[in-house]
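In this chain, residues are counted from 1 in sequence order. In listed order, ligands and their atoms are each counted from 1.
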Amino acid sequence: MTSTPALPALAAQPSLFAAFALVAEARGAAPALLPDRGEALSYAGLRALTGRFAGALAARGVGAGERVVVQVEKSVGAVALYLACQQLGAVFVPLNTAYTDVEVGFFLGDAQPALFVHAPERAALWPASAAMGVDPGAGLWAEALGGEPLDTITPRGRDDLAAICYTSGTTGRSKGAMITQGNLLSNAATLIDLWRFSPDDRLLHVLPIFHVHGLFVALHCALLSGATILFEHGFDVARTRARLGEATVLMGVPTHYTRLLGDPAFGRGDCGTMRLFISGSAPLLAETHREFEGRTGQRILERYGMTEAGMITSNPYEGERVAGTVGFALPDVAVRLRADDGALAAPGSGAVGVLEIRGPNVIPGYWQLPQQSAEAFTEDGWFITGDMATIDAAGRVAIVGRAKDLIIAGGFNIYPKEIEEAIDAVPGVLESAVIGVPHPDFGESVVAVVVPRPGADLTGDAVMAAITPQLARFKHPRAVHLVPDLPRNAMGKVQKAELRKRFG
Ligand code: MCA
Ligand code: AMP
């Protein structure tokens with residue numbers, strides 16, 4: 001085993017997999033993944049398993065630039081499948097395991113993949129499909145283990161696509177964020193440095209691996225620094241507490257932290273080896289931050305990001321982590337505020353505005369959507385986040401709201417427009433408005449306010465029954481209120497703030 005390559009050398013690699021291969025070679029027998037289910041994998045073992053999955057994909061005709069849509073449970077095999085796509089230069093397209101056939105059907109039609117890897121029951125959705133199998137003896141797993149491994153790495157450049165991650169849009173139609181090799185490499189190198197990752201770290205991984213947070217931020221910080229991943233197949237308070245005792249870093253969404261605090265026995269004694277708790281994907285309440293510090297002596301480091309840019313800002317590793325703020329722009333990222341009047345607001349002016357960002361982490365655009373891609377950027381090339389923020393004189397950013405109509409529940413993004421369109425198509429519905437209301441566990445939850453057509457015999461249950469097959473469970477309204485009309489302003493726009501007051 002040689003020493004782990006220096007960060008600048010990794011950051012200068014042409015592709016994510018080229019960087020990973022260097023680390024894997026250097027770390028050899030050092031542990032890469034210690035899963036709660038299945039066998040431990042060293043770096044050499046993970047590299048070998050990845051080569052086997054790359055062989056299986058190549059045998060099925062997957063080549064560079066082609067999309068591989070993946071909707072599988074979290075497992076060591078799923079990590080190897082992701083890396084195998086990178087080795088082959090294929091474009092990895094992860095999907096939330098909660099998506100329904102209807103939702104998956106849309107993504108398959110949009111991404112036009114060379115291969116769809118899925119749980120057995122989804123086989124009918126796409127001709128070129130491969131069941132993943134739940135263990136090494138089944139499906140694509142078995143093909144990987146039984147076939148010829150592939151050792152070669154397809155050369156890729158920094159502008160080449162590494163992944164497409166779908167993010168719902170305010171139009172109701174999901175858009176595929178085109179994430180390049182350069183996006184991934186620059187963000188990983190910046191975060192490893194900023195958050196002081198080293199081969200001595202043991203990252204407790206409890207996040208799903210179909211979103212940027214668990215897939216890129218967590219996996220890349222650990223794997224490109226030669227650290228060990230304590231790999232959990234899902235989040236569970238008791239298991240997390242048990243494994244914190246061997247971990248040094250945890251990345252979570254606010255729901256993870258509030259659930260840990262919900263266990264009265266959780267506290268300082270669980271965190272003896274921990275050096276860093278990171279939170280993101282949704283706002284962390286200042287009160288959660290304070291309570292966590294009171295119970296554990298650790299100040300959670302909150303950061304802010306989005307699918308289109310990976311991580312954007314972070315509270316400092318050394319220096320004050322201020323509750324209710326998301327810290328400073330990452331060293332290679334620039335942020336600025338555009339106020340209501342369309343002018344740029346100076347940091348420290350106290351103005352609230354929409355945050356605009358620029359940097360090597362920002363995607364070039366959305367998959368096959370040139371118009372939406374152009375609209376996502378200002379004329380001078382800054383990406384418009386849709387998040388409302390303030391920036392103080394020192395450059396510290398606080399997210400204070402959203403210009404985009406978005407609900408975040410348990411770290412999952414839910415676009416009301418998508419649910420409203422499904423509800424509006426239900427017979428007997430005239431119109432609807434979907435709002436987010438405070439929820440003690442998920443931060444926000446979905447409520448639908450529905451206006452029946454005159455004379456229609458509509459019930460909330462009928463609405464739910466009609467939309468259930470179409471929308472993933474986490475998007476389902478937890479309450480449906482029938483009302484005679486929706487409150488509107490003088491411009492005819494539905495006043496969602498009014499509805500939130502009434503039904504929150
Ligand atoms: C599960 N349910 C949810 C959610 N998760 N409802 C709303 N929002 C959710 N997030 C529902 C299920 O449908 C089910 O409903 C019930 O809750 C229990 O489901 P279960 O699977 O047991 O829940 P869980 O395993 O306890 O999951 C909760 C969770 C999970 C651990 C908080 O949602 C999670 O892992 N969230 C992390 C999401 C994440 O990684 N986001 C990053 C994206 P019923 O019982 O009624 O059927 S954002 C991102 O990537 C950007 C770049 C960023 O900044 O990080
Ligand atoms: P996604 O589309 O899943 O990438 O979610 C990105 C969105 O999550 C951002 O545009 C923000 O609205 C929100 N978000 C992420 N991190 C934070 C945070 N720390 N505080 C507040 N909102 C956040």
Taking only heavy atoms of T167 into account, list the atoms of ligand 2 that are under 4.0 Å away from them. 2 (O)
Here's one to test your reading of the geometry: is the NZ or CZ of K74 within 45 degrees of the ring axis of F231 and under 6.0 Å from its centre? yes
Note: ligand 2 atoms sitting under 4.0 Å from heavy atoms of T307 are 1 (P), 2 (O), 3 (O), 4 (O)
For atom 36 (N) of ligand 1, state which one of G411, G443, G234, G410 supplies the nearest heavy atom. G410
Distance check, rounded to the nearest 0.5 Å: K175 atom NZ versus T167 atom OG1? 6.0 Å
of all protein heavy atoms, closest to atom 12 (O) of ligand 2 is D387 OD1, 2.6 Å
Taking atom 14 (C) of ligand 1 as the reference point, report whether a protein heavy atom occurs under 4.0 Å from it. no
Go through the steps for H211 and F216 under the test ring pair (Phe, Tyr, Trp, His ring centres under 6.0 Å), then give the verdict. CA-CA 8 Å; H211 278 313; F216 301 148; over 10 Å; no
Over 60° means perpendicular and under 30° means parallel, so classify the ring planes of F442 and H439, tilted if in between. parallel
Atom 24 (P) of ligand 1: the protein heavy-atom neighbour that sits closest, reported with distance to 0.1 Å: R259 NH1, 3.9 Å
Close N or O approach (R478, ligand 1; < 3.5 Å): yes
Audit row: R243, D270, salt bridge (charged side-chain N to carboxylate O under 4.0 Å, His left out) steps and yes/no: CA-CA 9 Å; R243 266 196 128 179; D270 294 296; over 6 Å; no
Walk me through it: do R202 and E246 pass the test salt bridge (charged side-chain N to carboxylate O under 4.0 Å, His left out)? CA-CA 7 Å; R202 289 177 306 282; E246 3 156 16; 5.9 Å; no
CG (L284) and OG1 (T325) are apart, to the nearest 0.5 Å, by 10.5 Å
Can you name the atoms of ligand 2, numbered from 1 with element, that are less than 4.0 Å from a heavy atom of E302? 18 (C), 19 (N), 20 (N)
If you have a sec, work out which protein heavy atom is nearest atom 51 (C) of ligand 1 and how many Å separate them, to one decimal? M306 CA, 4.1 Å
Is there a polar contact between ligand 2 and Y304, counting only N or O atoms under 3.5 Å apart? no
Pick one of side chain, backbone, both or neither for how V212 approaches ligand 1, counting any non-hydrogen atom pair under 4.0 Å. both
Determine, for F197 and R275, whether the Lys NZ or Arg CZ falls below 6.0 Å from the six-membered ring centre while staying within 45 degrees of the axis. yes
Contact check: R303 vs ligand 2, nitrogen or oxygen atoms, below 3.5 angstrom: yes
At under 4.0 Å between heavy atoms, is it the side chain or the backbone of P283 that contacts ligand 2, or both, or neither? both
Modelled atom types, side-chain donor and acceptor of D424 and S432, under 3.5 Å: yes
Looking at atom 21 (O) of ligand 1, tell me if a protein heavy atom falls under 4.0 Å from it. no
Under 30°, 30 to 60°, or over 60°: which ring-plane class applies to F292 and Y257, parallel, tilted or perpendicular? perpendicular
Atom 38 (C) of ligand 1 [closest protein heavy-atom partner, distance rounded to 0.1 Å]: F412 CE2, 3.3 Å
the protein heavy atom lying closest to atom 31 (C) of ligand 1 turns out to be H256 NE2, 3.7 Å
Quick note on ligand 2: atoms under 4.0 Å from a heavy atom of M306 include exactly 4 (O), 6 (C), 10 (O)
Indicate the ring-plane relationship of F383 and F377, choosing parallel, tilted or perpendicular according to the 30° and 60° boundaries. perpendicular
Check the side chains of Y166 and N96 for a donor-acceptor pair under 3.5 angstrom, ignoring hydrogens and angles. no
Is the shortest distance from atom 29 (C) of ligand 1 to a protein heavy atom below 4.0 Å? no
So for ligand 1, is F235 a polar contact partner (N or O within less than 3.5 Å, distance only)? no
Region of V206 engaging ligand 1 - heavy atom pairs below 4.0 Å: neither
Within-shell test, K404 vs ligand 2, heavy atom, strictly < 4.0 Å: yes
Please write down residue, atom name and distance for the protein heavy atom closest to atom 46 (O) of ligand 1. R473 NH2, 2.5 Å
Closest non-hydrogen protein atom to atom 16 (N) of ligand 2, residue and atom name please, with distance? S281 N, 3.2 Å
Report the part of A282 (side chain from C-beta onward, or backbone N, CA, C, O) that has a heavy atom under 4.0 Å from ligand 2; answer both or neither where that applies. backbone
Which residue holds the protein heavy atom closest to atom 55 (O) of ligand 1, what is that atom called, and what is the gap in Å? S281 OG, 2.6 Å
Shortest protein heavy-atom distance from atom 10 (N) of ligand 1, along with the residue and atom involved: A409 O, 2.8 Å
I need the nearest protein heavy-atom contact for atom 11 (C) of ligand 1: residue, atom name and distance, please. F442 CZ, 4.2 Å
Near N413 (heavy-atom distance under 4.0 Å), the atoms of ligand 2 are 1 (P), 2 (O), 3 (O), 5 (O), 6 (C), 7 (C)
Below 4.0 Å, non-hydrogen atoms only: which portion of K475 touches ligand 1? Side chain, backbone, both or neither. neither
Taken to the nearest 0.5 Å, the spacing of Y82 OH from F210 CZ works out to 15.5 Å
Over-ring placement of R239 relative to F235, 6.0 Å and 45° cut-offs: no
Compute the shortest N/O to N/O distance between R303 and ligand 1 and return yes if it is under 3.5 Å, no if not. yes
Any carboxylate oxygen within less than 4.0 angstrom of a Lys/Arg side-chain nitrogen, looking at D405 and K417? no
With a 4.0 Å heavy-atom cut-off (strictly under), which part of I408 contacts ligand 2: side chain, backbone, both or neither? side chain
Closest to atom 32 (C) of ligand 1 among T255, V446, V237 (heavy-atom distance): T255
Flag for R396-N315: side-chain donor and acceptor within less than 3.5 Å: yes
